[in-house]
Amino acid sequence: MAYINFKEIEEKWQHRWDESKIFDAEAGKEKKFFLTVPYPYTSGPLHIGHGRTYTIGDMIARFKRLQGYNVLFPMAFHVTGTPILAIADSIAKSEKEVVERYKDYVSIYEDAAKVEETVNSFGKAENVADFFAARISEDFKRMGYSIDWRRKFNTTEPVYNKFIEWQFKKLYEKGVINKGKYPITYSREDGSAVGEDDIEEGDTNKVSIIEHTTIKFELSNDTYLIAATLRPETIFGVTNLWIKTDAKYVKVKVGNEIWIVSVEAAEKLGYQREEAEVLEEIKGRFFVGKKVKEPVEGREIPVLPASFVDADVGTGVVYSVPAHAPYDYIALEDLRMTEGLEIAPIKIIDIEGYELPAKEICERMRIESQEDMRLEEATQVIYKVEFYRGVLNEKCREFAGVEIAAIKDEVKNWLKGKNLADVFYETSRKAVTRGGGKVIVAVLQDQWFIDYTPSWWKDLGHKLVEGMTFYPEKYKAYMHDIVDWLALRPCARKRGLGTRFPFEKEWIIESLSDSTIYMALYTIAHLLRQLSVDALDEKFFDYVFLGIGDAEELAKDTNIGVNVLERIKEEFEYWYPNDLRHTAPPHLSNHLVFFLMHHAAIFPESKLPRAITLNELMIREGRKMSKSKGNVIPLAKVSELYGVDLYRLYCAINADFASVVNWREQDVDALRKKFNALVELFEQSIEIDALKENEFTHTDRWLLSKFYRRLKESIERFEAFRIREVGLNMVFNLMNDIKYYEHRESQERRRRIVRNVMEDWLIILSPIIPHVCEEMWHKLHGKPLQGLRGRGAEPHSGADSFISLQPLPEIKEEFIDDRVEREEEYLVSLIEDIKEIMKIARIKPSKIYVYTADADAEKWKWEIFKAIKDLPDKDKIKEAMRLRKDKSTVDFVKQLMKSNLGYFELREEEVLEREKQYLMNEFGCEMVINEEYDPKGKKKFAIPLKPAIYMAG
RNA sequence: GCGGGAGUUACCGAGUGGACAAAGGUGGCAGACUCAAGAUCUGCUCCCGAAGGGGUUCGCAGGUUCGAAUCCUGCCUCCCGCACCA
């Protein structure tokens, strides 16, 4: 095939689109469509997995343009938050791992000589963000995305800060911005909160916050040993306390009480409570043999030593429930062996299949010492079984008879209510920061929240979700659930890049809270550039977005001309709402729900989002892409490694939105062949005349019918976001049709018939593979218009007009012809039957006899076929016999039913006579239709649409 | 655990009551072309069959139905999300 330089084609059209500004969207035209895809986070290069979402967004944008919409598809960059700052800090400190990673990243884009210098500049967060924002926008241009770049911004710009301040003031007015206590993972060394990115192995082994219940065991007046537990309901079965003899404990003054906990716990407590004051230190062994009072009944129980106790987990004091906790049971067994100490377990949970669960599991697993690592597993097993199947027994007073799963929190609250218990937070595992600092849980006393719980807000949220389109549809129900589940969300942090919290300036607005309604800013971002930032105050945005206030007055206050203000407002009014937000499912429970809720709270009904579409992620060769696996392909490499249109086609065809795309080289190669063949097919029809209507034969009409049927289906499916089906239909299936056509006719005629449909075909494919379509389109229009598209008066003006701006092809219904297609199917199935017989009977026929059911003697079969076509199976024979009383009728109807043929009137003999020559060519022998000669009595087996066949060997 | 999703013929992947031994692709086999390889094209690719037929399949076990890959029940296996992190 002719060599095609795809890279050259890509660059040529990207350049032409750019200089012609065809994707710069101007307000005004009647039908508008405003589509957004979340702005990328600029901490590094994007890979082909990210590319899927943007690519699909672009396909939708391009399709909507073909549909005649004035499409706005903007883009911006996300800089807010801690990661970029953390990266800059690490690079400023020359941390090797990070520096190396960023050298890799930068070398995707720059010559080796400049890499070092660029990475050095990354000590400033701003430089990281600017560098990647610039590179990502180049990547996007190279992917052929039809973005209006005039409206871009980033989330740390003053304009954006002003906009976010306005948003928070609106929410504050609604009374949903509040302060409260909140536990976070925290590093003492760094003196700040730490997230997944800051924690060693935090991305693979997440650290979560676990709420322990602490229970007070009175040692003497107002002095308590404080035991921490995850199972407060077991308090009724406590028999003793455990401490570690060689650990250090301290007294802590909490209010009027003295609490005794491990040194480590006391330290954590200091970060979790305001009023904790550490007093003197005591050795663990001091407590051995002392008695404490358990809080529920005031029983005296002993304090005993246990080696399994870890001073750095919980409080370093553990209460013992030997009936239900394997650790406790084994530790007591150890003491019984060594000290002869006998303590009877107190059973408080009834559970089928167990008498004393802890004892039995230990025996079953042959655990014999508290040093046995499998105790953890045994604990898990018992915990799970008791949680779901266990019932508290009569020892548990008013809680008796209730399942653990249902009562756990109630016991906890009951204890808290009686001031016998408190809360202590612990990390789910021991963790350190990447810098080596210990990670603990701290409680912020004055965390700012957005409170999503007010019912007016939830109602608005549900109402919005209900009225929206979701694709895939299943996400609509899911979104309702998320709206219900949403409660409090911290919305500000002390660290990171972003907008200062307007009500307390030392806080920074957190990065998911600042990206909820920014789509509104796109509508006017390019117009704000000419204004002074100071003018963009609350009143300004109130006027533009909500129509509050008066233009004249505002003009005076802000020094902005009235006409400018009005122009800005009109632009917003025209583009908003956001007609479609396209992203990926992981955003549902965070970004998207905030997006919806904040819109619902702030904007009037007419400005609320209309639709959300979501595509699943992309994996590579069956595995998740990640930098640690080293299997990431940067988006920047797509053009050189694969070609942009091929990548786009793969994204479109490999999976529907709801499925994960698997990027497999083998499949890419297969698709490349197909794609090249498609381009070749187009190329071959450029320099050729289309067929004239008066030249059309049956096969031409068949191909046209197939084409327009597929085109019609494809437009409907594209509209419904079923892009995969469009791709399959308009590439794979249609190419098969054309291959078949060529086989039926000739290569030369195929070139001509393809020319007939080529313009329409290119248009429908152009959202998916825009570069080659644009190239072919312009190659065609170097020539005068012809083909079916040029038939009427309409069309396009030639070489200076882009395919990207064409209207969708009109469906030529007159070419969609059931009869023509049925005739061809009839012929295909006859050929299959003949081949089947040839194969099985191992005959190479010298002459083929075909007998149809519309031959005179068999015509009754067609009549009966018609008469019984709509009857249920069980009535068919009866009715047929009523019409024609003969045994052969029964045989015929049975055959007919078995063959499962749909009724369609077709003149079999006529079709076969017409196609006789083709059939003879296919089989290389003579063929006769409905001749008298019938040596094997085959005629009687003819049924409508399925002729009988006899072959002479 | 909670919530969601999935198990289809060597592989990927369509199919949600009859036209289904089940699209399409990949891989495999045979043939054509070629000095050869590649590309391309043709045929085959669950089993049996010397006349278009028959048999057994869609995670497992039951059930509904004239009829089930498709509907119902139970079970098994796998994947994803569960928040303060972009």
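Just so it is clear: chains get the letters A, B, ... in the order the sequence lines come, proteins before strands, and each one is counted from 1.
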Worksheet entry | Any-strand Watson-Crick or G-U partner of A10(B), both distances under 3.5 Å | U26(B)
Worksheet item: Between U70(B) and U8(B), how far is it from one P atom to the other, in whole Å?
Response: 14 Å
Worksheet item: Looking at the side chain of Arg664(A), which of A86(B), C11(B), G49(B) is the nearest nucleotide?
Response: C11(B)
Item to complete: Identify whether any heavy atom of Ile184(A) sits under 4.0 Å from a base atom; if not, whether one sits that close to sugar-phosphate; answer base, sugar-phosphate or nothing.
Response: nothing
Fill in: Closest to the Met951(A) side chain, choosing from A51(B), G25(B), A39(B)
A51(B)
Worksheet item: What integer number of Å spans the P atoms of C20(B) and U73(B)?
Response: 28 Å
Fill in: Atom pair distance, as rounded to whole Å: NZ in Lys946(A) and P in G52(B)
10 Å
Fill in: Span that lies between the C1' atom of U57(B) and that of U9(B), in whole angstrom
8 Å
Worksheet item: Of the nucleotides A86(B), A83(B), U42(B), which one has an atom closest to the side chain of Leu486(A)?
Response: A83(B)
Response to the item:
Out of A51(B), G25(B), C84(B), minimum distance to the side chain of Ile837(A) belongs to A51(B)
Worksheet item: What is the distance, rounded to the nearest whole Å, between atom CD of Glu665(A) and atom P of C11(B)?
Response: 22 Å
Practice prompt. For Lys739(A) and for Asn654(A), locate the closest nucleotide of RNA chain B by heavy-atom distance; then report the residue assigned to the nucleotide nearer the 5' terminus.
Written response: Asn654(A)
Fill in: N/O (side chain, Ser511(A)) to phosphate O (OP1/OP2, A86(B)) under 4.0 Å
yes
Fill in: Given Arg495(A), Lys494(A), Arg489(A), the one that forms salt bridge (Lys or Arg N to Asp or Glu O under 4.0 Å) with Glu510(A)
Arg489(A)
